[in-house]
Participant: 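Sharing a structure here in structure tokens format.
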Protein chains: 2
Amino acid sequence: MDLLTLESLPPQLRQLISYRELEPGEALFQQGDEAIAFFVVETGRLRLVRYSSDGKEVTFQITRSGESLAEIALFSNNYPCAAVAELSSRVIVYPKQPLLSALRNYPDLAEDFMAMLIGKIHDLKVRLELRHIRAAHERVLRYLRYIADPSEQTVVTFDRPLKDIAADIGLTPETLSRALARLEREGKIRRTRLQILLQNSSAA
Amino acid sequence: MDLLTLESLPPQLRQLISYRELEPGEALFQQGDEAIAFFVVETGRLRLVRYSSDGKEVTFQITRSGESLAEIALFSNNYPCAAVAELSSRVIVYPKQPLLSALRNYPDLAEDFMAMLIGKIHDLKVRLELRHIRAAHERVLRYLRYIADPSEQTVVTFDRPLKDIAADIGLTPETLSRALARLEREGKIRRTRLQILLQNSSAA
DNA sequence: CGCATAGTTGACTACGCTCAACCCTGGTGG
DNA sequence: CCACCAGGGTTGAGCGTAGTCAACTATGCG
């Protein structure tokens with residue numbers, strides 16, 4: 001959903017981008033490193049972690065394929081967190097200065113970029129809104145409706161383990177499992193192997 | 001932090017912006033309204049609420065003076081939520097189409113705008129990260145350190161009721177109160193009337 | 001001098017987390 | 001072809017902690 005569409009990428013910039021392959025556990029950059037590029041994950045998954053003053057590490061964000069990371073690098077001198085590959089990953093590297101000037105010179109690119117940023121803001125807001133719902137089963141139901149909504153479908157198909165979904169919405173796998181079971185008991189959803197069918201969900 | 005600096009606003013656009021005064025409780029726009037403008041709160045405070053299919057209302061975001069709202073309007077046809085003034089407020093209205101063309105034509109403006117969006121993303125990420133901390137007192141401590149950090153200060157002064165702070169970080173006022181009391185008992189903070197002093201917080 | 005609102009404290013409840021056991025599936029190798 | 005194994009998923013029992021409801025205090029304002 002927050003893909004940087006490369007269609008509008010001007011040829012000059014296209015020559016400047018490069019790729020980087022990462023092994024699991026390998027770092028793309030460290031907290032405090034000079035910010036020299038902006039990235040988009042092509043395949044794999046990266047974890048952004050922040051080391052706080054007391055040395056504890058906090059996961060800032062998980063970035064999956066198609067998503068961007070370190071946008072802040074464009075207007076900041078250093079990375080505020082470290083990025084580490086969780087799986088073998090391949091990321092597209094957009095060098096900071098060339099990207100900035102491309103954004104200045106190619107309004108189409110800038111517009112796509114802004115649209116992407118705004119989509120990301122919306123997505124973050126939705127995820128934050130989700131966290132306000134205490135009851136696990138209601139949170140899950142709203143989440144399901146949210147991801148079903150754009151597609152106008154009432155069927156949700158997961159492409160990753162439920163435990164990942166659980167982490168995404170701030171629940172443990174056990175609680176998610178119980179919530180889904182409860183929703184099914186209450187007739188709100190129906191489950192087949194990998195899919196979830198929303199019932200009577202007069203979607204907004 | 002996510003102010004749209006108006007310095008770079010070209011004269012043509014400057015003529016097109018207007019202002020709107022809102023009484024407490026008055027709506028700036030309703031959910032589903034055609035998206036015709038993007039806004040910045042000059043004074044006051046607005047609440048963005050979303051009405052879900054089951055009629056329950058969910059606060060999407062609180063927008064305070066200096067902050068922008070409804071960026072999504074620029075690339076979307078309708079507002080996904082309603083905006084209601086909590087206090088007497090004055091908002092700057094940037095009509096959508098003129099702003100879009102200004103962003104295309106004035107790279108400085110576009111750059112400022114992008115920087116603002118990226119700052120907003122960062123802020124949202126931080127707030128989401130906060131929610132992952134279960135223990136109330138630890139969440140509060142991290143929150144305090146976060147808002148103290150930029151100013152290099154170890155003193156935090158609140159300009160709004162604690163109950164608002166509590167809602168912001170996803171706690172009830174009672175729990176926040178207890179968390180602050182506990183932090184004080186443990187010597188992590190010191191409280192005066194309106195200020196909180198962080199102790200030994202070797203700030204990052 | 002009340003009144004409204006914010007903040008604090010207490011008692012109780014509820015629900016999500018933790019730990020643990022168990023089931024089920026898919027893959028591997030004998 | 002079956003035995004085994006690993007991982008995800010489910011289910012159960014118990015605990016901890018944030019929410020809820022309520023009472024009380026403090027503050028600011030008419």
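Labels below follow one simple rule: chain letters A, B, ... track the order of the sequence lines, proteins then strands, and each chain is numbered from 1.
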Participant: Could you verify whether a donor N or O on one side chain and an acceptor N or O on the other, from A:K120 and A:S68, lie under 3.5 Å apart?
Facilitator: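 Judged by distance alone, the side chains do pair up.
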
Participant: Calculate the interatomic distance between A:E138 atom CD and C:dC15 atom P; express it in whole Å.
Facilitator: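 Result: 10 Å.
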
Participant: If you look at every heavy atom in B:L180 and B:I189, which pair is closest and at what distance?
Facilitator: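 Smallest interatomic distance, heavy atoms only, reads O-CD1, 3.8 Å.
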
Participant: With a 6.0 Å cut-off (strictly less than), is the heavy-atom count around CD1 of B:I36, excluding the residue itself, greater than 12?
Facilitator: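 Count not over threshold, so no.
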
Participant: Quick one: B:I133 CD1 to C:dC17 C1', roughly how many Å, whole number?
Facilitator: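 The distance from CD1 of B:I133 to C1' of C:dC17 comes to 17 Å, rounded to the nearest Å.
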
Participant: What is the separation between atom NE2 on A:H132 and atom C1' on D:dG19, rounded to the nearest whole Å?
Facilitator: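 Rounded to the whole Å, the gap is 15 Å.
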
Participant: Does a donor on one side chain sit under 3.5 Å from an acceptor on the other, for B:D112 and B:Y106?
Facilitator: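 Side chains of B:D112 and B:Y106: no pair found under 3.5 Å.
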
Participant: Determine the minimum heavy-atom distance between A:L46 and A:A85, stating which atoms define it.
Facilitator: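 Nearest heavy atoms, A:L46 then A:A85: CG-CA, 4.0 Å.
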
Participant: Rounded off to whole Å, could you give me the NE2-to-P distance for the A:H137 and C:dC15 pair?
Facilitator: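 For the pair A:H137 NE2 and C:dC15 P, the rounded distance is 8 Å.
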
Participant: Using a cut-off of strictly less than 4.0 Å between a heavy atom of the residue and any atom of DNA chain C, enumerate the qualifying residues of residues 171-179 of chain A by number.
Facilitator: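 By residue number: A:L171, A:T172, A:E174, A:T175, A:R178.
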
Participant: Are any protein N/O atoms closer than 3.5 Å to N/O atoms in nucleotides 26-30 of chain D? If there are, list each pair with its distance.
Facilitator:
none

Participant: OP1 or OP2 of C:dG7 versus the side-chain N and O atoms of B:R191: is any pair under 4.0 Å?
Facilitator: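 It does not, given that no N or O in the side chain of B:R191 lies less than 4.0 Å from OP1 or OP2 of C:dG7.
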
Participant: Taking the six-membered ring for Trp, are B:F113 and B:F38 ring centroids under 6.0 Å apart?
Facilitator: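 They qualify: ring centres under 6.0 Å apart.
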
Participant: Which whole-number value in Å describes the distance from A:L180 CG to C:dG16 C1'?
Facilitator: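 One finds 15 Å between C1' of C:dG16 and CG of A:L180, rounded.
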
Participant: Check the phosphate of D:dG19 against A:R134, side-chain N and O only, distance under 4.0 Å to OP1 or OP2. Yes or no?
Facilitator: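 For D:dG19, OP1 or OP2 has a side-chain N or O of A:R134 closer than 4.0 Å.
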
Participant: Between D:dT17 atom P and B:R139 atom CZ, what is the distance in whole Å?
Facilitator: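 To the nearest whole Å, that distance equals 14 Å.
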
Participant: Quiz question: by atom type and distance under 3.5 Å, do the side chains of A:R142 and A:H132 form a donor-acceptor pair?
Facilitator: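 A:H132 and A:R142 do not have a side-chain donor-acceptor pair below 3.5 Å.
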
Participant: Nearest 0.5 Å, what's the CG-CE distance between A:L117 and B:M114?
Facilitator: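 Atom-to-atom, A:L117:CG and B:M114:CE are 8.0 Å apart.
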
Participant: Calculate the interatomic distance between B:R182 atom CZ and D:dA18 atom C1'; express it in whole Å.
Facilitator: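 From B:R182 CZ to D:dA18 C1': 12 Å.
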
Participant: Drop me the distance from B:T175's OG1 to B:R139's CZ, to the nearest 0.5 angstrom.
Facilitator: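 B:T175 atom OG1 to B:R139 atom CZ measures 9.5 Å (nearest 0.5 Å).
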
Participant: Rounded to whole Å, please give me the gap between CG in A:D164 and P in D:dG8.
Facilitator: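 Computing the A:D164:CG to D:dG8:P distance gives 9 Å.
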
